Amino acid sequence: YRIDASGDADLVWPSTMPSDSLYARAAALRGKATLHVAPSTLAGVPVQGQASFVNDDGAPRPAVDGVAGGNHVQARGRIAVTGQERDAWQFTIDAPQLVTLAPWVPATAAAPSASGQRGASSAARIAGSLQAQGRLAGRWPDATSEGDLRASALRFEALGVRQASGRWKLGSAATSPLDATLVLDGADIAGRAIEHAEAMLSGTARAHRAELRIASAALPPEWADALARQRGVVVNAAASTAASASASASASGGRLTRS
């Protein structure tokens, strides 16, 4: 470990700090604070970045901008004052070298390496690239989020994906639209190959439909059969070497139906 950090704060604490919520306490704290981390090393991974907190109008604006092993994460937000506009948060992830974060991933004795042997090296526990961006607005129970992600040559322990993409637009209110898709190509789950998998969610929080489609060059894995039995859906497998499984479920007014 070698951390080179410095900070600066100019904050005014109110004589009486609100106790009703963390949001109210943050809104009452006025001023500015920053933390800078110069090029350093954390558990074998080079890191640097900064974090800040600014509140000059009662609407705190926290922000974080950091780089670890060549992977960049940025997040910032605005906490709304009661009666004014909603909270607003956004983040971006640009991680082209996930393998550099391997020292932060604990070894798992149960995870096999690519050769099928136990005790995979740290470099094999995580790899690939990931890019994502998203926004979050509002506050529970009325919050919305939207964003997208892309990944390639992704590997974590015994899970691997050649290509992955996803997008989402979700809301927690009963009438908020739900629209999300996750697509995986060339997945490998503990040695089980899945050529293509696609999960979709549509509708609203009150009445929505979820669908899962899987295409594999082998018979459906045991977990697919178990899921089908548990959820009461039918898994169809082709008689040839190619097999596919699909399941869908919809919910409306608290009742769940499947087709």
Side-chain angles (χ1 to χ4, degrees), residues 21-24 26-27 59-64 72-95 129-152 154 156 159 161-187 189 194-215 223-224 227-228 230-236 244-259:
S21 72
L22 179 62
Y23 296 106
R61 299 181 297 280
V64 176
H72 187 197
V73 175
Q74 186 179 55
R76 64 178 184 272
R78 179 181 178 89
I79 301 175
V81 180
T82 302
Q84 297 185 9
E85 62 183 22
R86 309 171 77 197
D87 293 349
W89 301 86
Q90 62 183 51
F91 73 89
T92 59
I93 300 174
D94 182 14
S129 65
L130 172 66
Q131 288 77 40
Q133 60 181 357
R135 297 175 180 271
L136 176 65
R139 194 179 301 174
W140 186 266
D142 184 13
T144 60
S145 177
E146 62 180 79
D148 60 79
L149 63 87
R150 302 175 307 281
S152 62
L154 192 64
F156 182 77
L159 305 179
V161 178
R162 187 178 67 251
Q163 294 286 342
S165 63
R167 60 174 180 78
W168 69 90
K169 185 175 183 180
L170 308 172
S172 60
T175 57
S176 295
L178 301 181
D179 182 13
T181 301
L182 177 63
V183 179
L184 306 178
D185 288 305
I189 304 176
I194 297 177
E195 281 72 25
H196 181 84
E198 185 172 359
M200 293 162 287
L201 178 66
S202 60
T204 65
R206 175 180 296 163
H208 52 270
R209 178 181 179 86
E211 187 172 358
L212 174 63
R213 297 175 181 174
I214 299 174
W223 59 262
L227 178 63
Q230 180 180 358
R231 301 301 182 185
V233 298
V234 177
V235 176
N236 296 317
S244 63
S246 64
S248 64
S250 61
S252 176
R255 296 186 61 187
L256 181 66
T257 60
R258 299 178 178 83
S259 61

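Side-chain atoms are counted along with the backbone in the values below, which use heavy atoms only and exclude waters and symmetry mates. Predicted model only: the values in this text are computed from it and were never measured. Numbers here simply count residues along the sequence, with the first being 1.
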Exercise. Taking all atoms of both residues into account, what is the closest heavy-atom pair of Ala205 and Ser172, and its distance?
Worked result: CB-O, 4.1 Å
Problem set entry | Distance (rounded to the nearest 0.5 Å) between Ser202 OG and Leu178 CG | 8.5 Å
Exercise. Does Arg139 count as lying over the ring of Tyr23, i.e. NZ or CZ under 6.0 Å from the six-ring centre, within 45 degrees of the axis?
Worked result: yes
Exercise. Within a radius of less than 6.0 Å around CZ of Arg61, do more than 12 heavy atoms belonging to other residues, nucleotides or ligands occur?
Worked result: yes
Seminar exercise, completed: Residues passing the side-chain hydrogen bond (donor to acceptor under 3.5 Å, both in side chains) test with Thr144, sequence neighbours excluded, are none
Exercise. Quick one: are Gln74 and Asp94 in side-chain contact, heavy atoms under 4.5 Å?
Worked result: no
Exercise. Ignoring hydrogens and geometry, is there a side-chain-to-backbone donor-acceptor pair from Arg150 to Ser129 under 3.5 Å?
Worked result: no
Side-chain donor/acceptor pairs under 3.5 Å, residues 130-137, sequence neighbours excluded:
{"from": "Gln133", "atom 1": "NE2", "to": "Asp148", "atom 2": "OD2", "distance (Å)": "3.1"}
{"from": "Arg135", "atom 1": "NH1", "to": "Gln90", "atom 2": "OE1", "distance (Å)": "2.7"}

Seminar exercise, completed: Correct closest heavy-atom pair for Ala26 and Pro60 would be O-CG, 3.3 Å
Problem set entry | Met200 to Arg213 - nearest heavy-atom pair and separation | CE-NE, 3.8 Å
Seminar exercise, completed: Output for pair (Gln163 CD, Leu184 CG), nearest 0.5 Å, gives 10.5 Å
Exercise. When rounded to the nearest 0.5 angstrom, what distance separates OG1 in Thr175 from CZ in Arg206?
Worked result: 6.5 Å
Exercise. Is a side-chain donor-acceptor pair under 3.5 Å present for Ser145 with Trp168?
Worked result: yes
Exercise. Which heavy atom of Leu170 sits nearest a heavy atom of Ala180, and at what distance?
Worked result: CD2-CB, 4.1 Å
Problem set entry | Any side-chain heavy-atom pair of Arg78 and Asp87 under 4.5 Å | no
For this session: Specify the closest pair of heavy atoms between Leu201 and Ala210, including all atoms of both residues, with the distance to one decimal.
Result: CD1-CB, 4.2 Å
Exercise. Is there any side-chain hydrogen bond (donor to acceptor under 3.5 Å, both in side chains) pair reaching into residues 176-187, and which pairs are they, with sequence neighbours excluded?
Worked result: Arg167-Asp179, Asp185-His196
Seminar exercise, completed: Tightest non-hydrogen contact, residues Leu212 and Ala199, listed as CD1-CB, 4.2 Å
